[in-house]
*Asks:* 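There's a structure below that I have some questions on.
The shown structure was predicted, so the numbers you read here are calculated from the model rather than taken from an experiment. The sequence lines fix the lettering, A, B, ..., with proteins before strands; numbering per chain opens at 1.
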Number of protein chains: 2
Amino acid sequence: MLAIGTLSRRTGTKVQTIRYYEQIGLMNEAGRTAGGQRRYFEKDLDRLAFIRHSRQLGFSLDSIRELLDLSDNPSQSCAEADSIARRQLHQVEQRIKRLQALKKELKRMVAECDGDSVAECKVLEVLRDHAECLTEHDEIGA
Amino acid sequence: MLAIGTLSRRTGTKVQTIRYYEQIGLMNEAGRTAGGQRRYFEKDLDRLAFIRHSRQLGFSLDSIRELLDLSDNPSQSCAEADSIARRQLHQVEQRIKRLQALKKELKRMVAECDGDSVAECKVLEVLRDHAECLTEHDEIGA
DNA sequence: GATACAAGCTACAGCAGATAGAGGTTCAAG
DNA sequence: CTTGAACCTCTATCTGCTGTAGCTTGTATC
């Protein structure tokens, strides 16, 4: 039987985060000692590791929920998991694209700045006037 | 005198967002009509456009606050604005790096999946076992 | 058995950066 | 004067945690 601190150490997850995962139903409700402390089995540790690894790969908690469901029901087709992963890949690619456009714009801003007074600062000037931008960057969050 | 909806339309910012910016002190408190509705000048529109454009370039609201302060005091050196922009550029570059590592890993996962049953799904397998990963990806947020 | 103290517990607040809705009021056109 | 779009405030919600306060439990050592 593993204490929450052990899971924490072995997966690099903060104790509060593990409790949070339980709260939102991502981790099963843990068994308790007489005194009310959580105790885990190895399978819980595996599940937590799966969650963490998926998070490291950028999957949302919702996607992870789906992936865990699939993982729990090995008789289904793999297609669903595959499509979740593809969707994630697509999102990552989009974000890279967008960030590269930003990078280009920022580089140009910085390069043109010659360290003079704010009055003629290129950085501020570009920010003031969108028209000075070369690239399109119309979405914020991405 | 411009109504909030006009600012909204002309900068592509949601009305609530403009009010939010006022609330957190990023926009100055707007003047009001007798009935309590906000009214703006062109300079407020410019300020909002500056904020929005900066957000599109990925600057945090805190950074934008600094940039606006600099912009409001044209006698200072440009160096500060420059360094904020450089910091932002650096962050963007780091995020790109990280996302490219993720992309690689996701691509590999997806490529290895042959659409068979979940039991032997490569996607799920990789998620289960971090050791199957080629690349390092130890930070989550980034 | 007593004691010390690390590790556990719950509950709630807070972060960024908005966004949405309820329920009510004002403005401007016709 | 009436209509109705646009405005108002206030509060809640989202994602994915993280931190704090104040208290209890478990375990090792004496």
*Asks:* Run the salt-bridge test on A/Arg128 and A/Glu125 with the 4.0 Å N-O cut-off and return the result as yes or no.
*Replies:*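 A/Glu125 and A/Arg128: not salt-bridged.
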*Asks:* At 4.0 Å (heavy atoms only), tell me whether A/Arg32 reaches a base, stays on the sugar-phosphate, or touches nothing.
*Replies:*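 Counting heavy atoms under 4.0 Å across all strands, the contact made by A/Arg32 is with sugar-phosphate only.
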*Asks:* Looking at residues at least two apart in the chain, or sitting in another chain, which of them share a side-chain hydrogen bond (donor to acceptor under 3.5 Å, both in side chains) with A/Arg65?
*Replies:*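 Scan of A/Arg65 (side-chain hydrogen bond (donor to acceptor under 3.5 Å, both in side chains), adjacent residues dropped) gives none.
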*Asks:* Are OP1 or OP2 of C/dT26 and a side-chain N or O of B/Thr33 less than 4.0 angstrom apart?
*Replies:*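 For C/dT26, OP1/OP2 do not have a side-chain N/O of B/Thr33 under 4.0 Å.
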*Asks:* Hey, which sits more toward the 5' end of DNA chain D by its nearest nucleotide, A/Lys14 or B/Tyr40?
*Replies:*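 Whichever sits nearer the 5' end wins; that is B/Tyr40.
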*Asks:* Taking only the side-chain heavy atoms of B/Tyr20 (C-beta and beyond), determine which of C/dA18, D/dC7, D/dT27 contains the nearest atom.
*Replies:*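 For the B/Tyr20 side chain, the nearest candidate turns out to be C/dA18.
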*Asks:* Measure distances between side-chain N and O atoms of A/Gln16 and base N and O atoms of D/dG19, and say whether any donor-acceptor pair falls under 3.5 Å.
*Replies:*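 Side chain to base: pair found, below 3.5 Å.
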*Asks:* On DNA chain C, does the nearest nucleotide to A/Gln23 precede the nearest nucleotide to A/Arg39 from the 5' side, or the other way round? Give the residue.
*Replies:*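 Residue closer to the 5' terminus by nearest nucleotide: A/Arg39.
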*Asks:* Starting at CG of A/Leu61 and ending at C1' of D/dG16, how long is that distance when rounded to a whole Å?
*Replies:*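 In whole Å, D/dG16 C1' lies 6 Å from A/Leu61 CG.
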*Asks:* Can you check whether A/Ser60 has a side-chain N or O nearer than 4.0 Å to OP1 or OP2 of D/dT15?
*Replies:*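 It does not, given that no N or O in the side chain of A/Ser60 lies less than 4.0 Å from OP1 or OP2 of D/dT15.
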*Asks:* Name the closest nucleotide to the B/Arg38 side chain, picking from C/dT10, D/dC17, D/dT9.
*Replies:*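 Selected nucleotide: D/dT9.
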*Asks:* Can a side chain N or O of B/Tyr21 be found less than 4.0 Å away from OP1 or OP2 on C/dA18?
*Replies:*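 Yes, B/Tyr21 has a side-chain N/O under 4.0 Å of OP1/OP2 on C/dA18.
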